[in-house]
Structures are given as structure tokens and as C-alpha cells.
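Below is one structure, written out as C-alpha cells, with a few remarks after it.
Along the sequence shown, the residues carry numbers beginning at 1.
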Amino acid sequence: MLARRFLYIIAGLIVLTLAAGIGWTLFQDQLMRFAFVPGVRFDADAAGPAPDYARPASWLARPDLPDDPSRWLPKGVARAGGKPEVAVFYVAPTTYYGKASWNAGLDDRESRKWLTVFGWSEASAFNQAGAVWAPRYRSAALGAFLSSAPDSAKALDLAYGDVARAFDAFLAQIPASRPIILAGHSQGTVHLMRLMRERVAGKPVAKRIVAAYLVGWPISTIADVPALGLPACTGPGQAQCLLSWQSFAEPADPRMIREIYEAAPGFTGAPRKGTPMLCVNPLTGAPGTAALPAANLGSLAPGADFMDAELKPGAISARCDPSGLLLIGGPPKGFDRFVMPGNNYHVFDYALFWANIRADAAARAGTFLKR
């Protein structure tokens with residue numbers, strides 16, 4: 001009798017698991033929106049006052065901060081010597097996953113925690129190439145990317161306004177001739193793309209851009225790139241160009257990304273639908289290429305609490321497929337948390353290739369400085 005009851009329990013758990021899996025497969029869009037889209041109206045005041053970028057406290061990273069996470073290095077990596085000749089403007093991804101408001105306040109505890117994580121796991125990749133500046137900004141909620149409601153656009157506009165003002169403050173505080181690397185991820189890339197179109201393309205500052213790392217967001221080679229002021233990078237060590245990739249394990253299902261990508265026209269005004277996404281392989285520095293794990297100089301495998309990581313070389317391959325996805329083979333070990341639907345390793349777009357990004361940025365900076 002006990003054995004029979006045990007079998008009934010196991011059978012019930014299997015049925016529940018299958019039902020949950022089927023429910024997720026059929027209703028994942030609705031479930032994601034329910035979990036993350038704020039149920040309140042947009043209110044700019046709910047995010048608190050705008051940051052004052054004349055104050056060090058409004059920055060996550062800048063050269064004079066004693067607790068700057070962008071200066072972190074994994075064990076075994078030597079710190080670059082000499083005075084930095086390049087300035088890096090880095091914009092972090094979404095750090096607010098709540099539903100209480102459409103934007104995070106600068107004092108939101110959870111948002112600040114994740115901002116620190118991205119500071120050491122992403123922005124640190126550029127500390128060999130130059131001094132990193134990274135603004136704190138009132139990040140739009142994750143739900144803003146899952147809704148087409150007007151409140152979503154308002155939340156993104158508010159966040160972009162902070163980033164644009166931070167960029168102005170950054171330019172005012174560095175030498176007028178200093179070369180610049182732009183780097184972002186996910187929501188940070190969204191804001192950097194708009195910044196490049198509105199404040200860089202066709203402006204004198206465009207001549208100072210070493211490279212733009214527009215990672216973790218779909219960018220059309222036809223409908224977006226021509227409006228951003230720089231061409232796509234075609235090879236390693238090239239300066240004055242932009243890079244982008246989106247990491248997926250196989251089998252990849254980019255349906256959610258495709259829906260976002262095709263929902264609106266590109267920055268040129270042309271439709272994105274039917275156009276390839278930009279994929280510059282971070283292991284090769286060139287588009288449309290493939291590389292075996294041996295080419296990977298080191299991935300940052302996160303610790304249990306995501307507050308530290310171990311550098312593991314030679315673990316993960318990468319190849320750009322014809323549609324513009326960066327495929328990394330089967331699900332990699334040590335990166336099993338926070339994987340998005342469709343085998344999307346979005347959270348780890350930088351961590352998977354940290355050491356190669358570090359070397360790539362230094363090489364492109366070296367090319368620019370030799371001009």
C-alpha cells in the first residue's frame with residue numbers, strides 16, 4: 001500500500017510538471033507580462049528626483065570613486081599600468097524587476113545590488129582600455145520591454161533622459177580630445193543607440209569614438225546601423241566601428257526577440273522585418289564567423305551569490321548564424337541561472353566572453369591611438 005501511494009505521488013508530480021511545462025509553453029508571454037509589467041500608471045515622481053551628475057554619488061563608476069566595481073579583476077588577471085588614454089562610457093542593463101513603478105529610484109536597494117554586479121562583471125572588461133565612467137540612472141522596469149502601452153515608452157524616455165544628461169556631464173569632465181569607448185548591454189544598449197543617433201552621428205564627438213559595444217539588443221544591419229554614425233566592425237583591431245551580439249544556446253528560439261525587433265521601424269525609418277541582425281563574434285572580432293572553445297580566453301563563471309566569479313578559459317564556443325544570433329552550442333556549465341526563454345543567455349552576454357572583450361577593446365583602442 002505504501003509503495004502504491006508513493007507511485008501515485010510520483011505520477012501526480014510528473015503530471016503537474018508536464019502541465020506546468022505545457023502552460024509555460026502556451027502562455028509564456030502572458031505569464032511574463034503578469035510577473036513583470038507594472039499594474040500602475042506611469043508617474044515620473046515615483047522614481048524620485050533626477051540624478052545630479054556633478055555629484056560622485058550619481059555614478060556607479062568614475063576615476064575618483066574609491067569603491068568603483070568596474071576596477072574589479074578576476075584572480076590571475078594583472079592590472080594595466082600607465083595612465084589611461086581612453087575614457088569609457090558604460091550604460092548598465094535593466095536593474096529593476098519590480099512592478100511597483102515603471103522606473104527604479106536611485107535608492108532602490110535591489111536595483112543598486114544588481115548595478116554593482118553588472119559593474120564588476122561587464123564594465124570591468126574595459127578597465128584595461130581606459131578609465132570607466134558609468135552613470136546610475138532611473139532604469140525602466142523590465143516590464144517596460146514586455147508591454148506596448150504608452151507608459152512603457154514614457155518609462156524608457158525618462159531613463160534615456162538620465163543617460164543623455166550623464167553623457168553630457170561625462171564629456172564636460174574629460175579632456176576635449178580624449179578618445180571614447182561606448183559600451184552598453186540590453187536596456188543600456190537601447191539608450192546608447194538613441195544617444196548615438198541623436199548626439200553622436202554627424203557631430204564632432206563622432207570622430208573621438210574608438211568603438212561602440214552595443215551588446216544584447218537586436219540591431220538591424222540595414223535599418224539601424226546607417227543611422228548610428230559608425231559602420232559595423234568587419235575585423236579585429238578595427239577602430240571607429242560598432243559591435244553587437246546576442247547569446248543563445250542551442251536549440252535557440254528567438255521568437256520573443258524577433259517580436260520586439262520587428263515591432264517598429266529601425267532608426268533609418270526602414271522596416272527591420274526581413275533584415276539580418278548584426279552579429280560580431282566576440283571571440284573573433286568579426287561578423288559572420290565561428291570559433292571553437294580554444295579561442296575563448298576566459299568566461300566569468302558566477303559564484304553562488306553572483307558577487308564574485310572565476311575566470312575559465314577555453315570553455316565556450318561561439319558562431320554567428322545567418323539570422324544574426326550568436327550561438328554558443330549546448331547550455332554551458334555554470335551558467336544555468338537566469339536563462340531566459342528560448343535558451344537565451346542574455347544575462348551572460350558579457351560574462352561568457354569577458355577576457356576576449358577585454359583584449360578586443362584594448363586592441364581597438366591601440367589602433368585608434370596610433371592614428
Side-chain angles (χ1 to χ4, degrees), residues 25 28-29 93 122 125 145 184-186 189-190 193 211-226 228 230-236 238 241-264 266-268 270-299 314-336 338-357 359-360:
T25 300
Q28 58 179 291
D29 292 355
E122 295 188 354
F145 294 94
H185 184 223
S186 192
T189 287
V190 172
M193 288 171 67
Y213 292 79
L214 306 177
V215 181
W217 196 258
I219 299 174
S220 170
T221 59
I222 296 171
D224 290 317
V225 171
L228 300 181
L230 293 176
C233 294
T234 59
Q238 177 187 357
C241 59
L242 56 88
L243 305 82
S244 183
W245 63 86
Q246 300 170 91
S247 310
F248 281 79
E250 299 176 75
D253 178 7
R255 180 175 57 86
M256 291 182 68
I257 296 298
R258 279 282 173 193
E259 288 179 0
I260 293 173
Y261 182 66
E262 297 175 356
F267 283 122
T268 66
R272 293 189 180 108
K273 189 172 184 178
T275 65
M277 292 183 286
L278 176 62
C279 177
V280 176
N281 190 328
L283 296 186
T284 66
T289 53
L292 296 173
N296 194 319
L297 301 176
S299 305
I316 297 167
S317 64
R319 64 182 177 90
C320 292
D321 83 347
S323 72
L325 298 182
L326 184 71
L327 302 179
I328 60 172
K333 293 181 180 179
F335 297 89
D336 52 344
F338 301 108
V339 179
M340 294 177 64
N343 261 342
N344 187 347
Y345 278 69
H346 177 78
V347 172
F348 305 106
D349 280 324
Y350 272 83
L352 291 167
F353 316 105
W354 185 89
N356 289 79
I357 298 168
D360 185 270

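- For Thr289, the side-chain hydrogen bond (donor to acceptor under 3.5 Å, both in side chains) partners at least two apart in sequence or on another chain are Thr284.
- For Ala211, the side-chain contact (heavy atoms from CB on, under 4.5 Å) partners at least two apart in sequence or on another chain are Tyr213, Leu243, Arg364.
- Here the side chain of Asp360 pairs no donor or acceptor atom with the backbone of Pro282 at under 3.5 angstrom.
- Applying the ring-ring contact (aromatic ring centres under 6.0 Å, His included) criterion to Phe248, with sequence neighbours excluded, gives no partner residue.
- Note on residues 271-294: pairs passing salt bridge (Lys or Arg N to Asp or Glu O under 4.0 Å), not counting sequence neighbours, are Asp224-Arg272.
- With sequence neighbours excluded, the residues that form a side-chain contact (heavy atoms from CB on, under 4.5 Å) with Asn356 are Leu283, Asn296, Leu297.
- Scored by the side-chain hydrogen bond (donor to acceptor under 3.5 Å, both in side chains) test, Thr189 finds no partners at all (sequence neighbours excluded).
- Scored by the side-chain hydrogen bond (donor to acceptor under 3.5 Å, both in side chains) test, Glu250 finds Arg319 as partners (sequence neighbours excluded).
- Between the side chain of Thr221 and the main chain of Leu278, no donor-acceptor pair closer than 3.5 Å is present.
- Not counting sequence neighbours, Trp245 has no partner by the side-chain hydrogen bond (donor to acceptor under 3.5 Å, both in side chains) test.
- Remark: Tyr345 engages no residue in a ring-ring contact (aromatic ring centres under 6.0 Å, His included) (not counting sequence neighbours).
- Checked against ring-ring contact (aromatic ring centres under 6.0 Å, His included), Phe145 has the following partners two or more places apart in sequence or in another chain: Trp217.
- Looking at residues two or more places apart in sequence or on another chain, you find no salt bridge (charged side-chain N to carboxylate O under 4.0 Å, His left out) involving Asp349.
- Shown here are the ring-ring contact (aromatic ring centres under 6.0 Å, His included) partners of Phe335, two or more places apart in sequence or in another chain: Phe348.
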